[in-house]
Amino acid sequence: MVVPPELIGSFSAVKQALDRGSSWRDSATLARFMAEGHFARHLGRTRRIYAARHDLLAAEVQALGGQLLSTGRGLHLTAHWPQERALLPLAQRVGLDLSAVQEYTWGSRREPAPPGLLLGFAAYDAEELRRATRQMSELISSVD
């Protein structure tokens, strides 16, 4: 684990209580992997890959008339379409990786559910994302 120095003792105690320690071989291998720069290169490579996927999906969503609700660099985007209540079950039936934002919110049920669909992109390459947005375009046309 990588934790702030002031939390090392607490995290170590919890980890020790949960699993009685880690393999010294695994720890040494990971330490060497990191010391030789492999982990930093891996992070740089994956950041570029996911940034490109994010940007592609964001552009495709906007081309489909969707309103981007999030602009962060996580592994999902949130977007809103006026017809999303009708879109969601159709999209799920054809296997599109999206769900309602409201499934991931906490708070009073008296508050209105937030709009938006959560669109995953991490597991898909550019062609798969384009194919999915073509499917989404067809679905949007079918509910208009």
Side-chain angles (χ1 to χ4, degrees), residues 1-140:
M1 287 187 282
V2 178
V3 297
E6 65 273 11
L7 298 177
I8 289 173
S10 299
F11 274 78
S12 295
V14 170
K15 185 176 181 334
Q16 186 75 10
L18 291 174
D19 69 5
R20 300 287 185 217
S22 298
S23 158
W24 67 268
R25 286 186 180 110
D26 291 346
S27 294
T29 301
L30 180 59
R32 185 172 176 184
F33 181 79
M34 293 175 79
E36 292 176 358
H38 301 296
F39 185 62
R41 282 191 297 280
H42 167 73
L43 286 180
R45 187 171 45 253
T46 56
R47 282 185 180 130
R48 286 188 300 277
I49 290 168
Y50 294 140
R53 291 176 186 177
H54 172 280
D55 294 347
L56 171 66
L57 185 57
E60 295 281 332
V61 163
Q62 290 176 313
L64 292 175
Q67 173 193 2
L68 290 176
L69 301 176
S70 67
T71 57
R73 292 292 183 171
L75 300 177
H76 293 81
L77 272 176
T78 54
H80 170 67
W81 283 271
Q83 62 276 59
E84 69 189 33
R85 285 188 189 267
L87 281 174
L88 185 60
L90 297 172
Q92 290 172 335
R93 259 185 246 132
V94 298
L96 293 176
D97 182 17
L98 52 86
S99 54
V101 170
Q102 68 192 37
E103 294 177 30
Y104 301 93
T105 60
W106 291 281
S108 169
R109 290 290 177 203
R110 288 182 238 148
E111 298 171 12
L117 298 175
L118 188 66
L119 313 171
F121 60 83
Y124 308 101
D125 64 27
E127 184 50 41
E128 291 170 314
L129 291 172
R130 286 186 188 98
R131 189 175 325 120
T133 55
R134 283 192 300 271
Q135 285 180 294
M136 192 72 163
S137 177
E138 292 168 11
L139 295 175
I140 290 169

Report the residues that fulfil salt bridge (charged side-chain N to carboxylate O under 4.0 Å, His left out) with Glu36, sequence neighbours left out, ordered by chain and then residue number.
Arg32

How far apart are the closest heavy atoms of [X] and [Y], and which atoms are they?
| X | Y | value |
| --- | --- | --- |
| His80 | Pro115 | ND1-CB, 3.4 Å |
| Ala58 | Leu68 | CB-CD1, 3.8 Å |
| Ala132 | Leu96 | CB-CD2, 3.5 Å |

Please collect all salt bridge (Lys or Arg N to Asp or Glu O under 4.0 Å) contacts where either partner lies in residues 41-62, sequence neighbours excluded, each pair once.
Asp55-Arg73

In Å, rounded to the nearest 0.5 Å, how long is the span from [atom1] of [X] to [atom2] of [Y]?
| X | Y | atom1 | atom2 | value |
| --- | --- | --- | --- | --- |
| Thr78 | Leu98 | OG1 | CG | 12.0 Å |
| Met136 | Leu119 | CE | CG | 6.5 Å |
| Phe121 | His54 | CZ | NE2 | 5.5 Å |
| Ser70 | Leu77 | OG | CG | 5.0 Å |
| Gln102 | Leu118 | CD | CG | 12.0 Å |
| Leu139 | Arg134 | CG | CZ | 13.0 Å |

If you apply the rule side-chain contact (heavy atoms from CB on, under 4.5 Å), what do you find for Leu117 with Val101, and how did you get there?
CA-CA 5 Å; Leu117 298 175; Val101 170; 5.7 Å; no

Any non-hydrogen side-chain atom of [X] less than 4.5 Å from a side-chain atom of [Y]?
| X | Y | result |
| --- | --- | --- |
| Leu90 | Val94 | no |
| Leu64 | Trp81 | yes |
| Leu30 | Met34 | yes |

Given 3.5 Å as the limit, does a donor-acceptor pair link the side chain of [X] with the main chain of [Y], or not?
| X | Y | answer |
| --- | --- | --- |
| Ser12 | Gly9 | no |
| Ser137 | Thr133 | no |
| Gln92 | Pro89 | no |

Is it true that atom CZ of Phe33 has more than 12 heavy atoms of other residues, nucleotides or ligands lying nearer than 6.0 Å?
yes

Pair Arg131 + Glu138, salt bridge at N-O below 4.0 Å:
no

